[in-house]
Amino acid sequence: MLVVVDIGNTNITMGFYKDDKLIDNYRLTTKFQRTSDEYGVMIASYMNAIGYKMADIEDVIISSVVPKINYSFSSSIIKYAHVTPTFVGPGVKTGISVKIEHPSSLGADRLVDAVGAYYTYGGPCIVIDFGTATTYDVVSEKGEFLGGATSAGIGITAGVLSSMAAQLPEIEIFKPDRIIAKNTVKSMQAGVVFGYIGQTEYIIKQIKEEYGDPHMKVISTGGLGKIIAHETDLIDIYDPDLTFKGLKIIYDKNKKS
């Protein structure tokens with residue numbers, strides 16, 4: 001079994017591949033203070049719940065944007081699965097040529113999503129990841145990562161609104177029926193969700209105009225991406241497993257080399 005792991009600022013998501021098929025996934029919150037034993041026990045408990053053991057893990061590949069927990073998490077894999085994980089980074093083949101200033105500064109999550117989108121759906125494409133931050137990245141027809149835009153995620157947008165205004169409550173990210181709202185909660189939901197749809201559509205249009213191809217594919221992923229993707233015709237594909245696919249593709253490229 002191959003385990004693919006994406007360590008993000010909000011969540012750690014894990015995908016479990018058996019015979020090249022994604023059979024399950026697991027999500028836990030990202031906490032700096034967890035020890036390797038805590039991670040190990042959590043993973044072992046989950047695997048037991050789905051009918052597997054840590055001994056079934058043959059290899060692990062990790063994409064991380066949270067360096068502070070890399071040591072404890074990787075130590076848990078070594079201790080409990082007896083496997084040394086591979087981190088996506090320098091020296092790991094991805095099949096994507098990074099054409100930005102300071103390529104080493106590119107987040108592993110963005111690179112992995114680009115790999116997943118390009119090798120699954122082709123290019124040129126716009127890859128949108130609705131995570132803690134929302135990233136809009138461009139991959140050329142030749143598989144070149146050309147750069148993109150980054151904005152505050154929809155969750156951060158809603159959270160800042162309630163935390164910075166004393167009389168505004170915390171809200172569920174939900175699209176109301178009307179933008180002309182009759183109460184505070186729906187007013188906030190309308191502003192956040194409709195506003196985010198507008199932001200998404202505008203950035204997509206601007207990227208297509210700047211790139212010079214109105215027909216380039218738009219692929220999205222990320223926990224809250226489904227809400228936005230279903231509300232605009234400008235997103236062609238919503239793929240919740242895009243990051244897992246990218247990690248699996250990268251793993252295969254390096255395994256065969």
Side-chain angles (χ1 to χ4, degrees), residues 4 6 8 13 15 20 22 61 63-65 88-154 195-254 256-257:
V4 297
D6 178 44
T13 53
D20 293 328
L22 183 66
I61 184 167
S63 162
S64 175
V65 295
V88 175
V92 174
K93 296 179 180 179
T94 64
I96 293 288
S97 177
V98 180
K99 301 291 186 179
I100 65 170
E101 298 174 4
H102 313 297
S104 61
S105 68
L106 179 64
D109 54 343
R110 294 172 70 183
L111 180 56
V112 168
D113 284 343
V115 170
Y118 180 76
Y119 283 95
T120 304
Y121 303 105
C125 60
I126 301 170
V127 188
I128 308 175
D129 189 340
F130 294 96
T132 305
T134 296
T135 53
Y136 304 80
D137 293 320
V138 178
V139 183
S140 74
E141 186 177 359
K142 297 178 181 179
E144 301 163 317
F145 186 98
L146 301 180
T150 303
S151 69
I154 189 170
Y196 220 85
I197 294 167
Q199 170 189 290
T200 301
E201 292 187 331
Y202 182 80
I203 291 176
I204 290 171
K205 289 176 182 177
Q206 287 298 110
I207 288 175
K208 287 184 174 182
E209 182 177 338
E210 189 172 314
Y211 185 82
D213 184 350
H215 304 297
M216 61 196 305
K217 299 182 186 72
V218 181
I219 300 107
S220 67
T221 192
L224 293 172
K226 190 174 183 179
I227 297 173
I228 306 301
H230 287 179
E231 298 298 334
T232 174
D233 293 333
L234 296 187
I235 293 178
D236 300 304
I237 299 162
Y238 173 69
D239 187 342
D241 299 325
L242 188 68
T243 305
F244 295 153
K245 291 176 180 176
L247 283 164
K248 177 64 165 62
I249 291 166
I250 293 171
Y251 174 79
D252 288 341
K253 286 182 178 295
N254 287 270
K256 294 174 182 177
S257 62

Tell me whether the count of non-hydrogen atoms from other residues, nucleotides or ligands lying under 6.0 Å of OH in Tyr202 goes above 12.
no

Min side-chain heavy-atom separation Ser151-Tyr136 under 4.5 Å
yes

Rounded to the nearest 0.5 Å, what's the gap from CD1 on Ile204 to CD on Gln199? Could you check?
10.0 Å

Closest non-hydrogen contact found for Gly223 with Tyr238 is O-OH, 4.3 Å

Could you tell me if the side chain of Leu224 sits less than 4.5 Å from the side chain of Tyr196, heavy atoms only?
no

With side-chain contact (heavy atoms from CB on, under 4.5 Å) as the test, would you mind laying out the steps for Thr134 and Ile128 before giving the verdict?
CA-CA 7 Å; Thr134 296; Ile128 308 175; 3.9 Å; yes

If every non-hydrogen atom of Lys93 is compared with every non-hydrogen atom of Lys253, which pair is closest and at what distance?
O-CB, 4.3 Å

Any Lys245 side-chain heavy atom under 4.5 Å of Val4 side chain:
no

Taking all atoms of both residues into account, what is the closest heavy-atom pair of Ile96 and Ala114, and its distance?
CD1-O, 4.3 Å

Between Asp113 and Thr243, a side-chain donor and acceptor under 3.5 Å:
yes

Is any side-chain heavy atom of Val218 closer than 4.5 Å to a side-chain heavy atom of Leu234?
no

Atom CD in Glu201, atom NZ in Lys205: separation rounded to 0.5 Å?
5.5 Å

Evaluate the side-chain proximity of Tyr211 to Ile126: yes if any heavy-atom separation is below 4.5 Å, no if none is.
no

What heavy-atom pair brings Pro103 and Val98 nearest, and what distance separates the two atoms?
CB-CG1, 3.9 Å

State, to 0.1 Å, how close Ser63 and Leu247 come at their nearest heavy-atom pair, and which atoms those are.
CB-CD2, 3.8 Å

Whether the side chain of Tyr119 engages the backbone of Gly95 through a donor-acceptor N/O pair (distance < 3.5 Å, no angle test) should be reported.
yes

In terms of heavy-atom contacts, does CD of Gln206 have more than 12 from other residues, nucleotides or ligands at under 6.0 Å?
yes

Has His230 got more than 12 heavy atoms of other residues, nucleotides or ligands less than 6.0 Å from its NE2?
yes

Assess the residue pair Ile250 and Val112 against the criterion (side-chain contact (heavy atoms from CB on, under 4.5 Å)); give the C-alpha distance rounded to whole Å, side-chain angles, the decisive distance to 0.1 Å, and a yes or no.
CA-CA 8 Å; Ile250 293 171; Val112 168; 3.9 Å; yes

For the pair Tyr121 and Asp236, evaluate side-chain hydrogen bond (donor to acceptor under 3.5 Å, both in side chains) and give the outcome as yes or no after the intermediate values.
CA-CA 11 Å; Tyr121 303 105; Asp236 300 304; over 6 Å; no

Distance col, row Asp241:CG vs Lys248:NZ, nearest 0.5 angstrom, shows 13.5 Å

Looking at every non-hydrogen atom in both residues, tell me the closest pair between Ala117 and Leu242 and how far apart they are.
N-CD1, 3.5 Å

Please round to the nearest 0.5 Å and tell me the distance separating atom CG of Leu111 and atom OG1 of Thr94.
4.5 Å

Gap between atom CD1 of Ile61 and atom OH of Tyr251 - 0.5 Å precision
8.5 Å

Point-to-point distance, once rounded to the nearest 0.5 Å, from CD1 of Ile219 to CD1 of Ile237
5.0 Å

I want to check something: taking the side chain as every heavy atom from C-beta on, are Val138 and Glu210 in contact at a cut-off of under 4.5 Å?
no

Measure from the side-chain N and O atoms of Tyr118 to the backbone N and O of Ser140, and report whether any donor-acceptor pair falls under 3.5 Å.
no

Quick check on side-chain hydrogen bond (donor to acceptor under 3.5 Å, both in side chains): which of Thr135, Asp137, Asp129 does Arg110 satisfy it with?
Asp137

